[in-house]
Peer 1: 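Before I ask anything, here is the structure I am working with.
Order of the sequence lines sets the chain letters (A, B, ...), proteins ahead of strands, with each chain counted from 1. Only this structure's heavy atoms are used, side chains among them; waters, hydrogens and symmetry mates stay out.
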There are 2 protein chains.
Amino acid sequence: MTRIDDVARLAGVSTATVSRALRGLPTVSAATRRRVLAAAEQLQYAVSPSASRLAGGRTGTVAVVVPRITRWFFGTVVEAVEEFLHHSGYDLLLYNLGGREQVRQRVLRTANLHKRVDAIMLVATPLRPADLTALAELDLPGITISSGSTVPGWPCVRIDDVAAARTATRHLLDLGHRRIAHISGDPADELAFTTHTDRRRGYQEALRRAGLRPDPRLDMESQFTIDGGNRATVELLARGEPPTAIFAACDEIAMGAMTALRDAGLRVPQDVSVIGVDDHDLSAVLGLTTIAQPAAEQGRLAARMLLDPLGVGIVGPDADRVPAPRGPGGYSPAPAPPVILPTRLVVRESTGPPRAN
Amino acid sequence: MTRIDDVARLAGVSTATVSRALRGLPTVSAATRRRVLAAAEQLQYAVSPSASRLAGGRTGTVAVVVPRITRWFFGTVVEAVEEFLHHSGYDLLLYNLGGREQVRQRVLRTANLHKRVDAIMLVATPLRPADLTALAELDLPGITISSGSTVPGWPCVRIDDVAAARTATRHLLDLGHRRIAHISGDPADELAFTTHTDRRRGYQEALRRAGLRPDPRLDMESQFTIDGGNRATVELLARGEPPTAIFAACDEIAMGAMTALRDAGLRVPQDVSVIGVDDHDLSAVLGLTTIAQPAAEQGRLAARMLLDPLGVGIVGPDADRVPAPRGPGGYSPAPAPPVILPTRLVVRESTGPPRAN
DNA sequence: CTGAAAGCGCTTACAG
DNA sequence: CTGAAAGCGCTTACAG
């Protein structure tokens, strides 16, 4: 393996100069830089990340924590984040919690991440008080996406879940529905994670504004999965007197609901309308009406906001990005308020007017 | 941040001993180990990965390369791999190629990975000759999952794609179908990636064994996506004289096909039967008949095969795994032949007998 | 703009 | 079973 002093020797300069030239520091003459780059190229030199990190104190790595990479929203976010990070010269360390409380604690509460990454991105990660303490001790920059409990000092990128749910429910109301059920997230996350409570709130608000009283018997707690939607719908139907419409807190729940309805001999939307939130890849295929949210854009934007103050990663000869300009005087911009990205109603075939009785 | 000499001082031993005790090396007395662990615990010590890697020459990190993390198979594989790696004390560096040829080359052909990871896992990654050369120069252990072009010296975990396709096609033949279309993968990957060519072969073999001649006009090339399946089906229908059944090379293609059929006013399975491969999360919801393949199990198994010869990762006090025993005499076992995991036909509602004409 | 030298925090022969 | 010391391959003040 070629090391930095091989390059230095070939280029006829010191290792310090090689280091500077390769990282694009401005204190290197053009001629010298050219020679160094040529030598590095010729020797196929790549810096040793370990050595660079140890000496430089930066890891050029970002930890990305998601609940479940296999769920549409998280996969889509990670894909966008991955592209941005690698393009910026950063590595992506993936942590998939997989619903295992023990794993969450190991990732968030140990000093593990501290010397391993320069920054942390938490995607919809439930955070309990002890986690917040641990994160504060880590003292690393971070950002959250769609996370209910925000981390003090960290920016957050998300949608307005309350408004999204209101729009969805309003769509059903506008079609003439009055018995509108809601299927939402895991009650176990209740304390720490607000996506599903926000969506429930929007649902209830829309009903109240229409002069209706939310019926607890139509309000189901489940999981953000197809299976969760399926089970909740089965239970809902078992209660008798089915709703004419279901607002599912996410498209995966909605898909499960559609199956359960079909299995029960009910047609969508003739017997029961269904609307979700997300605009999952498959929603168009299934004809599912939904509130579309920009998942990839949230990931991209969050990655950018996270990296901007860090500047470029640890780089080799193929660095292709310069640090983002800071504000005047070199001050970082003030902590941004949560960035709220827009959602929009996408009407497909799963919603329609209730049957005239 | 506590460093190793803080722990050494508190425990009253040398840093070398701390290092050994924390990594579970056998050459430390029980009493000493206890003291060291207690000191580390008390100081909340975590090793510096950079320093450990630089000194030890191991990164405790595995690169996982996937075409698209958002596709069901790859997300499911990564989830299983992530769990295994982290449980074994390894970090997971994620590379999502996203269909960008340039990215593939940057990941595979530069010396980038070399000092960054201890091993590489390539999931269904197209490999051209130049990539193979580059990988050989990297001289790192690796494993492939479902990758068409195998890497010399690397084991491979996969299913038998030819057999899976044969079974799928046979299912349609057994139902009485004779005009059976096939929708397969991207022709651009033809040279380097054999999943879709294998599945096409199985399809053709099954037809021939049934005494039928494969009809090129029923054989569509597309992409392994919902949209690809949709488009190919639209084109297929535009050719006139539609098939009575479609064998889609994966479930996502099958889903796109189902939509296109529905949009064209054709019922599944009454007018056209559809079968896929995968057993995607949504296939049950959609009633899609498919050839199920064990995605998570392939990931888990590949991770285990990859790590076994490496032993435990770089560890802190929370190491929870010992290196796997080697064969007698310390020799590694001979390179394993490809490990073929079983698939199975899952009959749902999307396939049935052709209409009697 | 450039270089000599210290230092980042570990692990690993080597010696005992 | 344990320790002193070298060394892993960079980056960073510091000096010029």
Side-chain angles (χ1 to χ4, degrees), chain A residues 1-9 11-37 39-40 43-61 111 114-116 118 311-317 319, chain B residues 1-9 11-37 39-40 43-61 111 114-116 118 311-317 319:
Chain A
M1 277 297 90
T2 20
R3 293 168 321 185
I4 196 171
D5 41 306
D6 297 320
V7 179
R9 209 171 306 116
V13 296
S14 71
T15 59
T17 297
V18 173
S19 175
R20 293 184 191 112
L22 256 28
R23 279 176 300 145
L25 298 191
T27 62
V28 179
S29 78
T32 303
R33 186 188 311 278
R34 252 196 312 279
R35 260 186 303 142
V36 170
L37 289 177
L43 297 175
Q44 297 223 57
Y45 171 72
V47 306
S48 157
S50 327
S52 174
R53 288 164 191 187
L54 181 57
R58 304 168 61 219
T59 65
T61 305
H114 196 290
K115 302 170 179 168
R116 212 169 283 276
D118 294 337
V312 72
I314 291 176
V315 297
Chain B
M1 276 297 92
T2 19
R3 293 168 323 186
I4 196 172
D5 40 304
D6 297 322
V7 179
R9 209 170 307 118
V13 295
S14 72
T15 58
T17 297
V18 173
S19 174
R20 294 185 190 110
L22 256 29
R23 280 177 300 145
L25 296 192
T27 61
V28 179
S29 78
T32 304
R33 187 189 310 280
R34 251 196 312 280
R35 258 186 304 142
V36 171
L37 289 177
L43 297 174
Q44 296 224 57
Y45 172 72
V47 306
S48 157
S50 326
S52 173
R53 288 164 191 187
L54 180 59
R58 305 167 62 220
T59 65
T61 305
H114 196 293
K115 302 169 180 170
R116 212 169 283 275
D118 294 336
V312 72
I314 291 176
V315 297

Peer 1: Expressed in angstrom and rounded to an integer, what is the separation of Asp118(A) atom CG from dT11(D) atom C1'?
Peer 2: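 Taking atom C1' of dT11(D) as the reference, CG of Asp118(A) is at 15 Å.
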Peer 1: Using atom CG of Leu54(A) as one end and atom C1' of dC8(C) as the other, report the distance to the nearest whole Å.
Peer 2: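 Taking CG of Leu54(A) and C1' of dC8(C), I get 4 Å after rounding.
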Peer 1: Hey, mind stepping through Val47(A) and Ile4(A) against side-chain contact (heavy atoms from CB on, under 4.5 Å) and telling me if it holds?
Peer 2: CA-CA 7 Å; Val47(A) 306; Ile4(A) 196 171; over 6 Å; no
Peer 1: Grab the CZ-C1' distance between Arg35(A) and dT2(C) for me, whole Å please.
Peer 2: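 So the CZ-C1' distance, Arg35(A) to dT2(C), works out to 11 Å.
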Peer 1: How far apart are the closest heavy atoms of Lys115(A) and Ser48(B), and which atoms are they?
Peer 2: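 Taking Lys115(A) first and Ser48(B) second, the nearest heavy atoms are CD-CA, 3.6 Å.
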Peer 1: Measure from CG on Leu25(A) to C1' on dG3(C) and round the result to the nearest Å.
Peer 2: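 So the CG-C1' distance, Leu25(A) to dG3(C), works out to 15 Å.
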Peer 1: So what does Ser50(A) touch, heavy atoms closer than 4.0 Å: a base, only the sugar-phosphate, or nothing?
Peer 2: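 Contact class for Ser50(A): none.
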Peer 1: Among dG3(C), dG9(D), dT2(D), which is the nearest nucleotide to the side chain of Val28(B)?
Peer 2: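 Closest of the options to the side chain of Val28(B): dT2(D).
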Peer 1: Arg58(A) has an atom CZ; how far is it from atom P of dT11(D), in whole Å?
Peer 2: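 Atom CZ in Arg58(A) sits about 11 Å away from atom P in dT11(D).
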Peer 1: Identify the two heavy atoms, one from Ser50(A) and one from Leu54(B), that lie closest to each other, and give their separation to 0.1 Å.
Peer 2: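 It is CB-N, 3.7 Å.
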Peer 1: Quick check for you: among dC10(D), dG9(C), dT11(C), whose closest atom lies nearest to any side-chain atom of Ser19(B)?
Peer 2: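 Given the options dC10(D), dG9(C), dT11(C), the side chain of Ser19(B) is closest to dT11(C).
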Peer 1: About how many Å separate CZ of Arg35(B) and OG1 of Thr32(B), when rounded to the nearest 0.5 Å?
Peer 2: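 If we round to the nearest 0.5 Å, Thr32(B):OG1 and Arg35(B):CZ are 5.0 Å apart.
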Peer 1: Closest to the Thr32(A) side chain: dT11(C), dC1(C), dT12(D)?
Peer 2: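 Of dT11(C), dC1(C), dT12(D), dC1(C) is nearest to the side chain of Thr32(A).
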Peer 1: For Ala55(B) and for Thr17(B), find the nucleotide of DNA chain D with the closest heavy atom, then tell me which residue's nucleotide is more 5'.
Peer 2: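 Closest to the 5' end, via its nearest nucleotide, is Thr17(B).
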Peer 1: Given dG9(D), dT2(D), dT11(D), which nucleotide is nearest the side-chain atoms of Thr27(B)?
Peer 2: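 Ranking dG9(D), dT2(D), dT11(D) by closest atom to the Thr27(B) side chain puts dT2(D) first.
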Peer 1: For DNA chain C, which consecutive runs of 3 or more Watson-Crick or G-U pairs (each distance under 3.5 Å) count as stems?
Peer 2: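 Stems found: C:1-3 with D:14-16, C:5-12 with D:5-12, C:14-16 with D:1-3.
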Peer 1: Of all the nucleotides listed (dT12(C), dA4(C), dG9(C)), which has the minimum atom distance to the side chain of Arg20(B)?
Peer 2: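 Looking only at heavy atoms from C-beta outward on Arg20(B), the closest nucleotide is dT12(C).
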Peer 1: Over all heavy atoms of both residues, which pair between Val18(B) and Ala8(B) is shortest? Give the atoms and the distance, please.
Peer 2: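 Answer, listing the atom of Val18(B) first, then Ala8(B): CG2-CA, 3.5 Å.
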Peer 1: Backbone N or O of Thr59(A) within a donor-acceptor pair of the Arg116(A) side chain at under 3.5 Å?
Peer 2: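 Not at all, since once roles are kept as given, no pair shorter than 3.5 Å links the two residues.
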Peer 1: Can you check whether Lys115(B) has a side-chain N or O nearer than 4.0 Å to OP1 or OP2 of dC10(D)?
Peer 2: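 Lys115(B) to dC10(D) OP1/OP2: side-chain N or O found under 4.0 Å.
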Peer 1: Which nucleotide wins on minimum distance to the side chain of Ser52(B), given the candidates dG3(C), dT11(C), dG9(C)?
Peer 2: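 So the side chain of Ser52(B) is nearest to dT11(C).
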Peer 1: Main chain of Leu43(A), side chain of Thr2(A): is a donor-acceptor contact present, judged purely on distance under 3.5 Å?
Peer 2: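 Side chain of Thr2(A) to backbone of Leu43(A), a donor-acceptor pair under 3.5 Å: yes, one is there.
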Peer 1: To the nearest Å, how far apart are Asp6(A) CG and dC10(D) P?
Peer 2: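 The answer, rounded to whole Å, is 9 Å.
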Peer 1: Go through dG9(D), dG3(D), dT11(C) for me and flag the one nearest to the Ser14(B) side chain.
Peer 2: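 Within the option list, the nearest is dG3(D).
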Peer 1: Tell me if the side-chain of Arg53(B) makes a donor-acceptor pair with the base of dG9(C), cut-off 3.5 Å, by modelled atom types.
Peer 2: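 When only heavy-atom distances are counted, Arg53(B) does not reach the base of dG9(C) through any donor-acceptor pair under 3.5 Å.
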Peer 1: Does Asp118(B) form a side-chain contact (heavy atoms from CB on, under 4.5 Å) with Thr61(B)? I'd like the steps, not just the answer.
Peer 2: CA-CA 6 Å; Asp118(B) 294 336; Thr61(B) 305; 5.9 Å; no
Peer 1: Between dC10(C) atom P and Tyr45(B) atom OH, what is the distance in whole Å?
Peer 2: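 For the pair Tyr45(B) OH and dC10(C) P, the rounded distance is 3 Å.
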Peer 1: For the side chain of Ala16(B), counting heavy atoms from C-beta on, which of dA4(D), dC10(D), dT11(C) is nearest?
Peer 2: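 Selected nucleotide (nearest to the side chain): dA4(D).
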Peer 1: Let me know the distance between CG of Asp5(A) and P of dC10(D), rounded to the nearest Å.
Peer 2: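 Those two atoms, CG and P, are 7 Å apart.
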